[in-house]
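One structure is given here, and the rest of the page talks about it.
If you read the sequence from its start, that first residue is 1, and numbering goes on from there.
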Amino acid sequence: MPKEYRTIQEVAGPLMLVRDVEGVAYNELGEIELENGEKRRCRVLEVNGSNALVQLFENSTGINLENSTVRFTGRQMELGLSLDMLGRVFDGLGRPIDGGPEIIPEKRADVNGVPINPAARSYPQEFIQTGVSAIDGLNTLVRGQKLPIFSMSGLPHANLAAQIARQAKVRGNDEQFAVVFAAMGITFEESDYFVQSFRSTGALERTVMFSNLANDPAIERIATPKMALTAAEYLAFDKGMHVLVILTDITNYADALREVSAARKEVPGRRGYPGYMYTDLASIYERAGRQKGKEGSITMIPILTMPEDDKTHPIPDLTGYITEGQIILDRELYRKGINPPINVLPSLSRLKDKGIGEGKTRADHSNTMNQLFSAYARGKDAKELMVVLGEAALTEMDKLYAKFADEFEKIYVSQGFNTDRDIEETLDIGWRLLSILPRSELKRISDEFLDRYYGKV
């Protein structure tokens with residue numbers, strides 16, 4: 001029977017100091033029993049001699065210092081795991097909130113996970129089809145990769161996240177594919193949108209969803225991605241499934257980290273975020289990957305809104321260091337009515353070359369990808385020149401490139417949030433757009449592919 005303590009010294013916001021404790025460990029879970037019998041949960045943040053600083057999961061209202069008791073359970077935060085989790089919706093601490101029964105776990109796992117030994121990692125090299133041309137064709141997602149989406153306030157990143165979760169698939173073999181979707185600090189309307197979106201298309205059957213609302217405690221927000229990744233590791237490495245993890249919004253997670261750090265009176269780093277935010281984010285992102293000898297894989301798409309649309313803000317900045325590229329959403333494209341508003345030029349998937357080509361997508365993928373980037377960049381330059389000097393100053397070729405840039409945005413990038421394109425369709429659309437330009441301009445494509453596809457798709 002765990003020992004009870006009636007030695008609560010102080011309660012300050014989400015933190016509580018308990019004196020004269022014995023054998024209590026960092027990260028251990030505890031339970032506070034109030035005078036009226038109500039129970040609340042907490043977690044040990046710091047142990048200093050016989051004093052334990054604990055963090056409350058719920059609010060501190062009604063905790064009487066003299067008459068409330070604290071028990072420490074001797075366990076860290078765990079999640080009960082079972083295949084029955086598929087098709088279910090949980091809160092940020094892994095409790096069902098969809099009206100269904102409790103999960104009967106096959107096993108329990110510590111949510112902090114175990115780091116993957118770098119020597120045991122396999123290199124990501126298999127294509128994952130998201131059905132979104134701007135990602136599949138130009139910034140290809142590879143199984144085991146971490147590819148974040150950098151959004152801006154007010155842009156439809158939630159719609160893009162739901163679209164990828166609904167449409168993503170592993171091509172070819174009949175391999176089992178699952179999605180783990182974790183939403184942090186979102187509104188009830190957003191949470192409901194995700195659930196209804198997955199339910200209406202049948203995608204919920206292969207999805208495990210964790211939903212932490214904006215009015216839930218900050219400590220729960222910090223636990224949510226760890227819960228999601230623990231579920232993903234079970235599905236991937238115990239059950240051999242290929243799992244896509246979507247985390248939205250990492251900015252809300254980092255703000256919760258800052259709130260807890262400020263409550264602990266820690267020395268702040270850049271913009272008030274704790275100095276350990278880099279390692280904290282790395283402990284989440286680095287749980288993605290493939291392991292040698294294991295069938296399954298974890299591919300991750302973290303989504304974050306850049307505060308003040310600033311790419312150099314600590315959250316996108318640190319995320320960019322840890323992950324393998326980024327997909328950037330653009331306010332100007334959104335104003336033009338282009339959805340999803342993905343700006344392909346500053347976007348980057350560092351592993352895209354590993355997941356494309358013969359046997360993975362199609363032999364002409366690499367050539368057409370490079371040519372589309374090049375033509376779109378030149379078309380954007382021509383349009384900027386047109387704004388400054390007027391259309392009369394452009395050569396006929398520049399006008400063709402400007403036309404190409406407009407058509408590329410309208411047809412290739414802007415496909416809406418309900419269109420699911422396979423990679424062949426995406427590549428064919430690319431060829432149709434390239435036929436706007438004379439064959440002599442397509443210097444990045446080999447003659448073999450020009451003979452086969454140019455003007456024939």
ask   = What do the steps show when you test Glu266 against Ser261 for side chain to side chain donor-acceptor pair (under 3.5 Å), and what is the final call?
value = CA-CA 6 Å; Glu266 292 173 335; Ser261 173; 2.7 Å; yes
Criterion salt bridge (Lys or Arg N to Asp or Glu O under 4.0 Å) on Arg41 and Glu58, from CA distance to verdict = CA-CA 7 Å; Arg41 288 158 317 149; Glu58 293 91 359; 3.4 Å; yes
task = Give the intermediate values and the outcome of side chain to side chain donor-acceptor pair (under 3.5 Å) for residues Ser151 and Thr305.
result = CA-CA 5 Å; Ser151 182; Thr305 41; over 6 Å; no
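With hydrogens and angles disregarded, a donor-acceptor distance shorter than 3.5 Å links the side chain of Thr207 to the backbone of Ala203. For the pair Arg287 (side chain) and Ala282 (backbone), a donor-acceptor distance under 3.5 Å is absent. A donor-acceptor pair is defined here as one N or O able to donate and one able to accept, closer than 3.5 Å; no such pair exists between the side chain of Asn159 and the backbone of Phe417. Looking at Gln145, its side chain does come within 3.5 Å of a backbone N or O of Val142 through a donor-acceptor pair. Without hydrogens or angle criteria, His157 side chain to Ile303 main chain gives no donor-acceptor distance under 3.5 Å. Without hydrogens or angle criteria, Tyr454 side chain to Trp431 main chain gives no donor-acceptor distance under 3.5 Å. For Gln326 (side chain) and Pro346 (main-chain N/O), a donor-acceptor pair under 3.5 Å exists by modelled atom type. Remark: side-chain polar atoms of Asn367 are not paired, donor with acceptor, to backbone N or O of Ile445 under 3.5 angstrom. The main-chain N or O of Gly74 is found under 3.5 Å from a side-chain atom of Glu28 such that the two form a donor-acceptor pair. Side chain of Asp110 to backbone of Gly113: no donor-acceptor contact under 3.5 angstrom is found.
Pairs passing the salt bridge (charged side-chain N to carboxylate O under 4.0 Å, His left out) check and including a residue from residues 342-356, sequence neighbours excluded, do not occur. For residues 102-136, the set of pairs meeting the ring pair (Phe, Tyr, Trp, His ring centres under 6.0 Å) definition, not counting sequence neighbours, is empty. For residues 338-348, the side-chain hydrogen bond (donor to acceptor under 3.5 Å, both in side chains) pairs, not counting sequence neighbours, are Asp330-Asn343.
Between Asp238 and Lys107, at least one side-chain N (NZ, or NE/NH1/NH2) sits under 4.0 Å from a carboxylate O, which counts as a salt bridge. Remark: Arg95 does not engage Glu102 in a salt bridge, criterion side-chain N to carboxylate O under 4.0 Å. Checked for salt-bridge contact, Arg362 and Asp428 meet the test: a charged N lies under 4.0 Å from a carboxylate O. The residues Glu259 and Arg221 are annotated as not salt-bridged, no charged nitrogen and carboxylate oxygen being separated by less than 4.0 angstrom. Electrostatic pairing of Arg421 and Asp136 does not count as a salt bridge here, judged by no charged N lying under 4.0 Å from a carboxylate O. For the pair Arg378 and Asp398, the salt-bridge criterion is met [side-chain N within less than 4.0 Å of a carboxylate O]. Between Lys239 and Glu106, at least one side-chain N (NZ, or NE/NH1/NH2) sits under 4.0 Å from a carboxylate O, which counts as a salt bridge. The pair Glu286-Arg121 meets the salt-bridge criterion, with a side-chain N (NZ, NE, NH1 or NH2) lying under 4.0 Å from an Asp/Glu carboxylate O.
Across all their heavy atoms, Leu235 and Ala178 have their closest contact at CD1-CB, 4.2 Å. Closest non-hydrogen pair, Arg143 versus Pro124, comes out as O-CB, 3.1 Å. Taking both residues in full, the closest heavy atoms of Leu304 and Pro316 are given as CD1-CB, 3.9 Å, listed atom of the first, atom of the second, then distance. When every heavy atom of Arg88 is checked against every heavy atom of Pro96, the shortest pair comes out as NH2-CB, 3.3 Å. Minimum interatomic distance between Asn112 and Asn27 (heavy atoms only, all atoms of both residues): ND2-ND2, 3.5 Å. The two residues Val413 and Pro340 come nearest to each other via the heavy atoms CG1-O, 3.5 Å.
Every salt bridge (charged side-chain N to carboxylate O under 4.0 Å, His left out) that Glu448 has, sequence neighbours left out, goes to Arg452. Contacts of Tyr278 classified as side chain to side chain contact (heavy atoms under 4.5 Å, CB included), with partners at least two apart in sequence or in another chain: Leu318, Tyr321, Ile322. Among residues two or more places apart in sequence or in another chain, the side chain to side chain contact (heavy atoms under 4.5 Å, CB included) test is passed with Lys399 by Glu391, Leu394, Glu396. Residues satisfying the salt bridge (charged side-chain N to carboxylate O under 4.0 Å, His left out) criterion with Arg108, sequence neighbours excluded, are Glu78. In this structure, the side chain to side chain contact (heavy atoms under 4.5 Å, CB included) partners of Ala182, at least two apart in sequence or on a different chain, are Phe210, Thr224, Ala228, Leu247. Every residue meeting the side-chain hydrogen bond (donor to acceptor under 3.5 Å, both in side chains) condition with Thr426, not counting sequence neighbours, appears here in chain and number order: Ser133. With sequence neighbours left out, the side chain to side chain contact (heavy atoms under 4.5 Å, CB included) criterion links Pro438 to Met397, Leu400, Ser440, Glu441. Every residue meeting the salt bridge (charged side-chain N to carboxylate O under 4.0 Å, His left out) condition with Asp317, not counting sequence neighbours, appears here in chain and number order: Arg270.
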Under 3.5 Å, which donor-acceptor pairs do the side chains of residues 402-409 form with other protein atoms, sequence neighbours left out?
residue, atom, partner, partner atom, Å
Asp406, OD1, Lys383, NZ, 2.4
Glu409, OE1, Lys336, NZ, 2.9
Glu409, OE2, Tyr376, OH, 2.6

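Within the 4.5 Å cutoff, no side-chain heavy atoms of Lys380 are placed close to those of Tyr401. Looking at heavy atoms from C-beta onward, Leu433 lies in side-chain contact with Ile411 at the 4.5 angstrom threshold. By the 4.5 Å heavy-atom criterion applied to side chains, Arg43 and Phe57 are counted as neighbours. Leu141 has its side chain out of reach of Ile164: every pair of non-hydrogen atoms, C-beta onward, lies at least 4.5 Å apart. You'll find the side chain of Val54 stays beyond 4.5 Å of the side chain of Leu45, heavy atoms only. Between Arg439 and Asp447, the closest side-chain pair of non-hydrogen atoms falls below 4.5 Å. Side chains of Pro156 and Pro341 form a contact here, defined as non-hydrogen atoms less than 4.5 Å apart. Side-chain contact between Thr248 and Met184 is absent, with no heavy-atom pair separated by less than 4.5 Å.
One finds the CE atom of Met306 at 8.0 Å from the CG atom of Leu329 (value rounded to the nearest 0.5 Å). The distance from the CD1 atom of Ile103 to the CG atom of Leu79 is 9.0 Å, given to the nearest 0.5 Å. Here the CG-NZ distance, from Asn117 to Lys292, works out to 9.0 Å after rounding to the nearest 0.5 Å.
Within 6.0 Å of CZ on Phe373 lie more than 12 heavy atoms contributed by other residues, nucleotides or ligands. Residue Glu295 places its CD atom among 12 or fewer non-hydrogen atoms of other residues, nucleotides or ligands, all under 6.0 Å distant.
If you check the side chains of Asn212 and Tyr253, you find no donor sitting under 3.5 Å from an acceptor.
Using the six-membered ring where Trp is involved, Tyr273 and His313 have ring planes that are perpendicular, over 60° apart on the 30 and 60° scheme.
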